Amino acid sequence: MYTQSFSVSDGNANDTAKDSAKASAKNTVKGPKPVPVISAEEAEKIAAFEQRIADDGRIEPQDWMPEAYRKTLIRQISQHAHSEIVGMLPEGNWITRAPSLKRKAILIAKVQDEGGHGLYLYSAAETLGVSRDKMLDDLHTGRAKYSSIFNYPTLTWADVGVIGWLVDGAAIMNQIPLCRCSYGPYARAMIRVCKEESFHQRQGYESLLVMMRSTEEQRAMVQDAVNRWWWRCLAMFGPPDADSPNSALGMRYGIKRFSNDDLRQKFVDATVPQAEVLGVTLPDPNLKWNEARDHYDYGAIDWDEFWRTLNGDGPCNKERLATRVKADRDGQWVRDAALAYAQKRAAREAKEAA
Ligand code: FAQ
């Protein structure tokens, strides 16, 4: 695994020289800023890396990569992994109360899939040199983020269907472009994740269709769930582009292929016709087709609520974290036993081979 031996900008050599010149020109009183020195070998590595990105090639774990690329990936992939694992909880809450054996089996499979997605993603992040223990420690101590959407409660059975339809729907919209992300292990993990998310989205939609074709009470329950989840799902795509500090680097490095606002718009455009077929109203009086833009216009998202939730003050943040910490502690003996067994087996095999 490559680590940079000294601090250099992750831009190309020309950019670095221009940036340094600008910085020195501005800073006449305090004297010139130290100009980062890049060896010819270093400049060559940066150029090769940037060419690979420009050619839409893949960066693999053994390849040289700028430190900022590695850090951006670790940040995004670990947050994504945490989201999948914490994301098991809101729906997991309904496994014991699913209305039929069929729905229970589907829900168990879905929640188990989310656990699997978390595992692929932790593995992909580990290829960048970060340990799983460190990532989990960051989650359990509240240092790491996970998706805002999983800090809301699942109040009725309709919430489970709406999570499948809208939350998985938003996740797919965001994750399909990640299948073409420049980092090989992340891109490959995303291909399988997206296939499974697609099943998740369809099962949610189908479950809601059944409820919408049933009693008035069930239709009201679906509408109530849609009212509660719609705006949070729009916020899942992240802050508006103008307030998204990581987008520029993510796009430059070929990690993000579309901006937060572009994906949000794609999601709205795809979801409105689905809502019409379902017979639910999306809770936005400003939602209307804009002929000139060839897109739906939609109303203002409550970004204060989004940032509050991100900063730990959503309705379920404390509960979600406490549940994860407890699960980790309760599972310690299993990990210890598995490790002891593996060590014992390895020792026996070594003895037999000797
Ligand atoms: N929640 O500068 P940006 C799923 C943070 S998986 C929490 O725009 P970026 C499957 C962001 O991290 C859902 N935090 O950041 C499922 C950054 O904080 P930092 C998860 C958020 O990275 C379904 C700060 O705000 N999906 O649902 C959120 O360029 C059903 C500034 O934001 C992924 O993780 C948010 N919604 O863009 C499971 C996909 N939005 O790190 C169970 C991969 C932003 O500077 C049941 N991730 N933040 O401290 C991504 O595509 C990107 O990371 C974004 C954010 C688009 C989420």
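Predicted, not measured: the structure shown is a model, and the values here were computed from it. Order of appearance sets the numbers: ligands from 1, and atoms from 1 within every ligand.
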Please determine whether side-chain contact (heavy atoms from CB on, under 4.5 Å) holds for the pair Ser207 and Trp165, giving the CA-CA distance in whole Å, both sets of side-chain angles, and the decisive distance to 0.1 Å. CA-CA 9 Å; Ser207 146; Trp165 174 39; over 6 Å; no

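- Counting heavy atoms under 4.0 Å from ligand 1, residue Ala235 touches it through the backbone alone.
- Few gaps surround CZ on Arg335; more than 12 heavy atoms of other groups in view lie less than 6.0 Å from it.
- Not less than 6.0 angstrom separates the ring centroid of Tyr183 from the ring centroid of Tyr253.
- The protein heavy-atom contact nearest to atom 40 (N) of ligand 1 is Gly238 CA, 3.2 Å.
- His80 has its ring centre no less than 6.0 Å from the ring centre of Tyr146.
- Put simply, the side chain of Ile59 does not reach to within 4.5 Å of the side chain of Trp64, judged on heavy atoms.
- The side-chain hydrogen bond (donor to acceptor under 3.5 Å, both in side chains) test with Glu196 singles out one residue from Gln112, His117, Gln201, and that residue is His117.
- In the vicinity of Phe237, heavy-atom distances shorter than 4.0 Å reach the ligand 1 atoms 56 (C).
- Residue-ligand proximity, Glu91 to ligand 1, at heavy-atom distances under 4.0 Å covers atoms 46 (C).
- Results of the side-chain contact (heavy atoms from CB on, under 4.5 Å) test with Phe150 over Leu89, Val167, Asn317 single out Val167 as the only residue that passes.
- Nearest-residue assignment for atom 12 (O) of ligand 1 (options Gln79, Gln201, Glu197; heavy-atom criterion): Gln79.
- Using a 4.0 Å cut-off between heavy atoms, Phe150 contacts ligand 1 through its side chain alone, with no backbone atom that close.
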Carefully, step by step, assess Thr309 and Arg232 under the rule side-chain hydrogen bond (donor to acceptor under 3.5 Å, both in side chains). CA-CA 10 Å; Thr309 306; Arg232 305 162 187 171; over 6 Å; no

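- The nearest protein atom to atom 50 (C) of ligand 1, hydrogens excluded, is given as Gln76 NE2, 3.5 Å; this is a heavy-atom distance.
- Heavy atoms from other residues, nucleotides or ligands lying under 6.0 Å from CZ of Arg97 number more than 12.
- Distances below 4.0 Å separate heavy atoms of Arg75 from the following atoms of ligand 1: 9 (P), 12 (O), 19 (P), 22 (O), 41 (O).
- Atom 31 (C) of ligand 1 has its nearest heavy-atom neighbour, among Pro245, Cys181, Ser259, in Pro245.
- Considering backbone and side-chain atoms together, Ser244 places an N or O closer than 3.5 Å to an N or O of ligand 1.
- In this comparison of His82, Met251, His80, Glu196, the heavy atom closest to atom 33 (C) of ligand 1 sits on His80.
- For Tyr186, the closest heavy-atom approach to ligand 1 falls below 4.0 Å.
- Looking at Glu305 and Arg308, no side-chain N of the basic residue comes within less than 4.0 Å of a carboxylate O on the acidic one, giving no salt bridge.
- Using a 4.0 angstrom heavy-atom cutoff, Lys110 counts as in contact with ligand 1.
- Using a 4.0 Å cut-off between a side-chain N of Lys or Arg and a carboxylate O of Asp or Glu, Arg103 and Glu206 qualify as a salt bridge.
- Interface of Val167 with ligand 1, defined as ligand atoms under 4.0 Å from a residue heavy atom, comprises 23 (C), 30 (C).
- Between Glu60 and Arg188 there is a salt bridge, with a side-chain nitrogen of the basic residue lying less than 4.0 Å from a carboxylate oxygen of the acidic one.
- With respect to atom 51 (O) of ligand 1, the closest heavy atom belonging to the protein is Asn174 ND2, 3.0 Å.
- At a heavy-atom cutoff of 4.0 Å, ligand 1 is contacted by the side chain of Asn260 but not by its backbone.
- Nearest protein heavy-atom contact of atom 18 (O) of ligand 1 is Lys145 NZ, 3.3 Å.
- At a 4.0 Å heavy-atom cut-off, ligand 1 touches Phe306 through the side chain alone.
- Protein heavy atom at the shortest distance from atom 1 (N) of ligand 1 is Ser148 N, 2.8 Å.
- Scanning the protein heavy atoms around atom 24 (C) of ligand 1, the nearest turns out to be Asn246 ND2, 4.2 Å.
- Nearest to atom 36 (N) of ligand 1 by heavy-atom distance, out of Met236, Met88, Glu84, is Met236.
- Distances shorter than 4.0 angstrom do not occur between any heavy atom of Gly250 and any atom of ligand 1.
- Atom 6 (S) of ligand 1 has as its closest protein heavy atom Gln175 NE2, 3.6 Å.
- The distance criterion of under 3.5 Å between nitrogen or oxygen atoms is not met by Ser83 with respect to ligand 1.
- Relative to the six-membered ring of Phe199, Lys110 misses at least one condition, a distance below 6.0 Å or an angle of at most 45° to the axis.
- Atom 55 (C) of ligand 1 has Lys256 NZ, 4.2 Å as its closest protein atom, hydrogens excluded (heavy atom only).
- For atom 4 (C) of ligand 1, a protein heavy-atom neighbour is found at a distance under 4.0 Å.
- Contacts of Ile149 with ligand 1, taken as heavy-atom pairs under 4.0 Å, are absent altogether.
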Stepwise side-chain contact (heavy atoms from CB on, under 4.5 Å) test for Arg293 and Gln265: CA-CA 11 Å; Arg293 287 202 316 121; Gln265 182 71 63; 3.1 Å; yes

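- Within a 6.0 Å sphere centred on CD of Gln332, other residues, nucleotides and ligands contribute more than 12 heavy atoms.
- If you take CG on Leu208 and CZ on Arg213, they are separated by 11.5 Å, rounding to the nearest 0.5 Å.
- An N or O contact shorter than 3.5 Å is missing between Asp168 and ligand 1 by distance.
- A heavy-atom distance below 4.5 Å is found between the side chains of Arg228 and Thr156.
- Residue Gly87 approaches ligand 1 through these ligand atoms, each under 4.0 Å from one of its heavy atoms: 42 (C), 46 (C).
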